[in-house]
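Just so you know, these numbers use all the heavy atoms, side chains as well, and skip hydrogens, waters and symmetry mates. Quick caveat: nothing in here was measured; it's all calculated off a predicted structure. As the structure lists them, so they are numbered: ligands from 1, and atoms in each ligand from 1. All residue numbers in this chain count up from 1 along the given sequence.
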Amino acid sequence: MVVIITGASAGIGHALAVELSAAGATLALAARRTDRLEALNRELGGSHLCITADVSRQEDCEQIIARTIERFGRIDTLVCNAGYGILCPVAQTSPRQMREIFQTNVFGTADCIRAAVPHMLRQEIRDGFRGQVMLVSSAVARRAIPFFGVYSATKAAQLSMAEAMRIELAPEKIAVTSVHPGSTQTEFGDVSASRSNGLRPQRISMEIQQSAQTVARKMLHAIGRPRPEVWPIASYRWLTGLGGLFPKAVDRVMLKRREQIGGTAGAGDGRRVDSEAGDRRRDLTSRRIH
Ligand SMILES: NC(=O)c1ccc[n+]([C@@H]2O[C@H](COP(=O)([O-])OP(=O)(O)OC[C@H]3O[C@@H](n4cnc5c(N)ncnc54)[C@H](OP(=O)(O)O)[C@@H]3O)[C@@H](O)[C@H]2O)c1
């Protein structure tokens with residue numbers, strides 16, 4: 001099996017490469033940090049393809065696909081994993097930050113898929129599938145969390161594309177799988193905090209944290225046996241679904257979380273959060289529309 005992994009230099013992508021290589025897959029590993037990719041390839045025996053690429057550039061995405069086809073002749077699974085977060089209130093995210101994150105997380109995903117699908121369509125069916133597109137979205141795709149609103153929007157966009165493509169490509173025997181990790185121990189938190197416009201996140205005591213290896217193993221299963229969605233923390237699937245049915249109740253939980261995530265710089269203290277919640281309740285009953 002030939003698998004492309006974008007964002008293979010760290011975190012979930014790196015862990016998935018280790019798992020897939022151990023299972024016997026042939027890999028194309030893409031990211032911007034070439035030294036990391038080459039170190040990983042050496043660790044895995046040296047037979048994989050390393051591609052230096054910035055997925056925010058359309059031509060780099062096309063190169064990832066073209067070089068994989070040139071070297072291995074087919075793509076069984078494309079894993080669109082490269083991405084990052086910004087910890088910042090929506091209204092304070094600059095136009096440039098907003099365009100950049102969509103360029104990487106959304107357009108980078110779409111550009112890789114657009115280049116890969118025509119090749120998959122020409123491939124013969126193997127074990128029931130011509131190919132598979134796997135998008136690493138997030139649990140926040142179904143319910144955004146405070147201070148990660150813009151990031152959540154990019155993950156929701158990936159989910160929407162996955163849901164539509166799953167039906168569009170089903171007759172062609174191309175599987176589409178979206179992956180929805182919760183908090184995972186990777187470089188993601190540090191990268192998000194470095195783009196925080198001054199907010200300092202505190203540790204969120206209630207939060208479940210998974211290892212990148214745990215997430216990668218669930219993804220490995222869904223590559224071996226394609227399914228629509230992978231939720232490494234199963235309870236998040238139901239909790240985020242409830243958010244759609246009971247937005248007000250989930251808002252209340254989020255108001256508590258707002259303080260934990262925002263920390264001390266800029267997000268205010270607990271008293272302010274509580275009084276704002278009270279103000280909002282009063283506002284709801286007292287607003288006049290005439
Ligand atoms: N960790 C979490 O809690 C969590 C939760 C839900 C979803 N996710 C999603 O999981 C995916 C992987 O994140 P992670 O947690 O493994 O974070 P990570 O440890 O920071 O790894 C991110 C990977 O993406 C690559 N990348 C970032 N921007 C890129 C670009 N413009 N071009 C090419 N590669 C790029 C990085 O490589 P280079 O810097 O070398 O380019 C790195 O390999 C992301 O899409 C993220 O949204 C993470």
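The stretch residues 217-238 participates, sequence neighbours left out, in these salt bridge (Lys or Arg N to Asp or Glu O under 4.0 Å) pairs: Glu19-Arg217, Arg142-Glu229, Glu229-Arg237.
No donor-acceptor distance shorter than 3.5 angstrom exists from the side chain of Thr184 to the backbone of Thr186, with no hydrogens or angles considered. Not one N or O on the side chain of Arg130 forms a donor-acceptor pair closer than 3.5 Å with the backbone of Ile174.
Residue Arg71 places its CZ atom among more than 12 non-hydrogen atoms of other residues, nucleotides or ligands, all under 6.0 Å distant.
Taking the salt bridge (Lys or Arg N to Asp or Glu O under 4.0 Å) definition, one finds that Arg114 meets it with Asp111, sequence neighbours left out. Evaluation of the salt bridge (Lys or Arg N to Asp or Glu O under 4.0 Å) rule for Glu100 yields Arg96 as partners, not counting sequence neighbours.
Closer than 4.0 angstrom to ligand 1 lie heavy atoms from Gly7, Ala8, Ser9, Ala10, Gly11, Ile12, Ala31, Arg32, Arg33, Ala53, Asp54, Val55, Asn81, Ala82, Gly83, Thr104, Val136, Ser137, Ser138, Tyr151, Lys155, Pro181, Gly182, Ser183, Thr184, Thr186, Glu187, Phe188.
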